[in-house]
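Right, one structure below, let's go through it.
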Amino acid sequence: MERHLLVIGATGKTGRHTTELLLQHGHHVRALVRGLDGRADRLAALGADVVEGDVLDLDSLAAATKGIDALYFTYPIRPGLVDATANVAQAAEENGVQAIVNMSQVSARRHTASNAARRHWVAERVLDHAPVPVTHLRPTFFAQWLIDTWADGTGELRLPFADGRHAPIAESDQAKVIAAILEDPAPHAGQIYPLYGAEELDHYEIAEKMSHALDRKVTYVPIELDEFAAILRGRGAPDHLIQHLLAVAVDYRNGVFAGTNELVKTIGGSDPLDVETFIAQNRAAFDLPTTT
């Protein structure tokens with residue numbers, strides 16, 4: 001049955017995959033974007049109803065939710081999450097939206113050193129108190145993080161994670177779960193789903209798998225928090241993001257990001273990608289220019 005669905009942040013990491021998947025399944029998809037750029041044009045070419053708006057602008061959000069059966073909400077790690085969440089709840093209630101899928105994070109909890117993770121927990125509670133049924137997703141670190149940490153091309157993963165473990169999860173696998181819930185939200189109402197990839201690994205094991213998939217040596221170098229902060233500042237990361245990443249690095253060491261389950265398969269319908277397969281599918285993102 002065709003449904004009218006809204007994807008907020010449709011050009012972002014999980015939003016793009018979710019939009020594409022829902023269109024493939026024959027749904028009417030409204031894609032809310034902050035700017036009309038090439039990414040938005042590509043979604044429009046696939047059949048999405050692309051609208052420009054901002055979740056911090058209640059009126060534009062209210063317009064985007066008109067005629068919508070269910071929506072997916074994701075927000076980047078930057079200030080404004082709780083305000084944006086309240087706007088989503090209000091607009092959804094005003095327009096009779098029947099379900100919300102909310103992207104949170106595995107470290108979301110009331111007592112956490114991360115300002116962003118604590119705000120995710122508060123945002124979950126805001127949606128829980130709204131009259132629209134909601135499903136919260138709490139993924140571990142995205143597999144795409146491996147691309148981001150490879151950005152300097154040194155062959156070293158310099159990260160403050162000690163020997164902690166997690167199961168990297170691909171954006172495309174999260175999209176399968178999101179799409180399945182949007183298509184049939186009732187069984188998932190009120191649930192909190194932690195999402196994991198195929199295999200739990202430490203970063204020594206991740207580096208080995210990257211070495212194999214890329215046919216070049218990749219080494220994990222554990223570092224301390226102050227060096228990590230300096231690396232992030234050198235990349236131009238804002239203070240809000242740096243504070244979050246330093247706090248979750250400690251969470252990671254303490255096992256908060258660890259674990260596995262079968263939710264991607266049971267809800268999304270297929271096994272999640274393992275790390276080597278993900279890297280193989282995204283090899284171009286890891287390729288480096290030849291140096292002499």
Side-chain angles (χ1 to χ4, degrees), residues 13-15 17-18 21-22 25 70 72-75 77 99-112 114 116-118 120-121 123-125 127-128 133-146 159 161-206 208-210 244 247-282:
K13 292 181 170 64
T14 55
H17 288 286
T18 299
L21 193 56
L22 290 171
H25 291 181
Y72 170 56
F73 171 50
T74 182
Y75 191 86
I77 300 174
I100 295 171
V101 180
N102 173 51
M103 175 58 70
S104 186
Q105 55 183 264
V106 76
S107 59
R109 58 200 193 280
R110 180 171 181 163
H111 300 292
T112 173
S114 163
R118 185 169 57 257
H120 267 292
W121 184 87
E124 289 181 1
R125 306 292 75 77
L127 291 173
D128 286 342
V134 61
T135 305
H136 302 295
L137 305 182
R138 290 183 176 177
T140 190
F141 274 146
F142 289 16
Q144 280 74 9
W145 171 263
L146 303 178
L159 296 166
F161 296 146
D163 56 357
R165 305 174 67 83
H166 80 293
I169 182 167
E171 296 159 0
S172 57
D173 287 325
Q174 295 178 68
K176 293 175 184 177
V177 174
I178 296 161
I181 298 173
L182 289 173
E183 289 173 327
D184 185 19
H188 309 285
Q191 297 299 311
I192 298 176
Y193 291 140
L195 298 181
Y196 304 99
E199 52 189 344
E200 186 185 85
L201 306 164
D202 62 32
H203 275 76
Y204 295 103
E205 294 167 321
I206 289 173
E208 289 180 6
K209 291 182 178 294
M210 291 179 70
H244 169 68
V248 299
V250 177
D251 281 347
Y252 189 99
R253 294 174 178 178
N254 292 331
V256 172
F257 287 76
T260 58
N261 60 31
E262 297 293 320
L263 287 176
V264 169
K265 182 175 183 178
T266 57
I267 300 174
S270 62
D271 291 321
L273 296 175
D274 60 74
V275 169
E276 286 196 43
T277 301
F278 169 81
I279 293 171
Q281 290 184 359
N282 293 275

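Residues passing the side chain to side chain donor-acceptor pair (under 3.5 Å) test with Thr135, sequence neighbours excluded: none. The side chain to side chain contact (heavy atoms under 4.5 Å, CB included) test applied to Asp202 returns Arg165, Tyr204, Glu205, not counting sequence neighbours. Considering only residues two or more places apart in sequence or on other chains, Phe161 meets the ring pair (Phe, Tyr, Trp, His ring centres under 6.0 Å) condition with Phe141, His203, Tyr252. His17 meets the ring pair (Phe, Tyr, Trp, His ring centres under 6.0 Å) test with no other residue; sequence neighbours excluded. In this structure Glu183 satisfies the salt bridge (Lys or Arg N to Asp or Glu O under 4.0 Å) test with no other residue, sequence neighbours excluded. Looking at residues two or more places apart in sequence or on another chain, you find a side chain to side chain contact (heavy atoms under 4.5 Å, CB included) between Ala70 and Arg3, Leu5, Ala99, Leu182. Residues satisfying the salt bridge (Lys or Arg N to Asp or Glu O under 4.0 Å) test with Asp128, not counting sequence neighbours, are Arg125. Every residue two or more places apart in sequence or in another chain that forms a side chain to side chain contact (heavy atoms under 4.5 Å, CB included) with Pro194 is listed here: Tyr196, Asn261, Leu263. With sequence neighbours left out, Lys13 forms a salt bridge (Lys or Arg N to Asp or Glu O under 4.0 Å) with no residue at all. Every residue two or more places apart in sequence or in another chain that forms a side chain to side chain donor-acceptor pair (under 3.5 Å) with Lys176 is listed here: Ser270. Checked against salt bridge (Lys or Arg N to Asp or Glu O under 4.0 Å), Glu208 has no partners two or more places apart in sequence or in another chain.
When atom types are taken as modelled, the side chain of Arg138 and the backbone of Ser104 share no donor-acceptor pair closer than 3.5 angstrom.
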Practice item. Quick one: do Ile267 and Tyr193 satisfy side-chain contact (heavy atoms from CB on, under 4.5 Å)? Show the steps, please. Key: CA-CA 10 Å; Ile267 300 174; Tyr193 291 140; 3.6 Å; yes
Practice item. Could you walk me through whether Val248 and Phe257 pass the side-chain contact (heavy atoms from CB on, under 4.5 Å) test, one step at a time? Key: CA-CA 9 Å; Val248 299; Phe257 287 76; 3.8 Å; yes
Exercise for review: Give the C-alpha distance, both sets of side-chain angles, the deciding distance and a yes or no for side-chain contact (heavy atoms from CB on, under 4.5 Å) between Ile181 and Leu137.
Suggested key: CA-CA 11 Å; Ile181 298 173; Leu137 305 182; 4.1 Å; yes
Exercise for review: Mind running side-chain contact (heavy atoms from CB on, under 4.5 Å) on Asp251 and Arg109 for me, showing each step along the way?
Suggested key: CA-CA 11 Å; Asp251 281 347; Arg109 58 200 193 280; 2.8 Å; yes
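Heavy-atom minimum distance, Gln144 versus Ile169: OE1-O, 4.0 Å. The shortest non-hydrogen separation linking Ser107 to His244 is OG-CE1, 4.5 Å. Annotation for Thr140 and Ala167: closest pair CG2-O, 3.1 Å, computed over non-hydrogen atoms.
Considering only heavy atoms from C-beta on, Phe142 comes within 4.5 Å of Thr14 through its side chain.
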Hey, can you pull the donor-acceptor pairs under 3.5 Å for the side chains in residues 271-279, sequence neighbours left out?
from: Asp274; atom 1: OD1; to: Glu276; atom 2: N; distance (Å): 3.1
from: Asp274; atom 1: OD1; to: Thr277; atom 2: N; distance (Å): 2.8
from: Asp274; atom 1: OD1; to: Thr277; atom 2: OG1; distance (Å): 3.1
from: Asp274; atom 1: OD2; to: Thr277; atom 2: OG1; distance (Å): 3.0
from: Glu276; atom 1: OE1; to: His212; atom 2: ND1; distance (Å): 2.8

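In the model, His136 has no side-chain atom that pairs as donor or acceptor with a side-chain atom of Glu124 under 3.5 Å.
Atom NE2 in His166 sits 8.0 Å away from atom CG in Leu201 (nearest 0.5 Å). The CG atom of Leu146 sits 10.0 Å away from the CG atom of Asn282 when rounded to the nearest 0.5 Å. For the atom pair His120 NE2 and Thr112 OG1, the distance stands at 11.5 Å (nearest 0.5 Å). Between the CG atom in Asn102 and the CG atom in Leu127 there is a gap of 5.0 Å [rounded to 0.5 Å].
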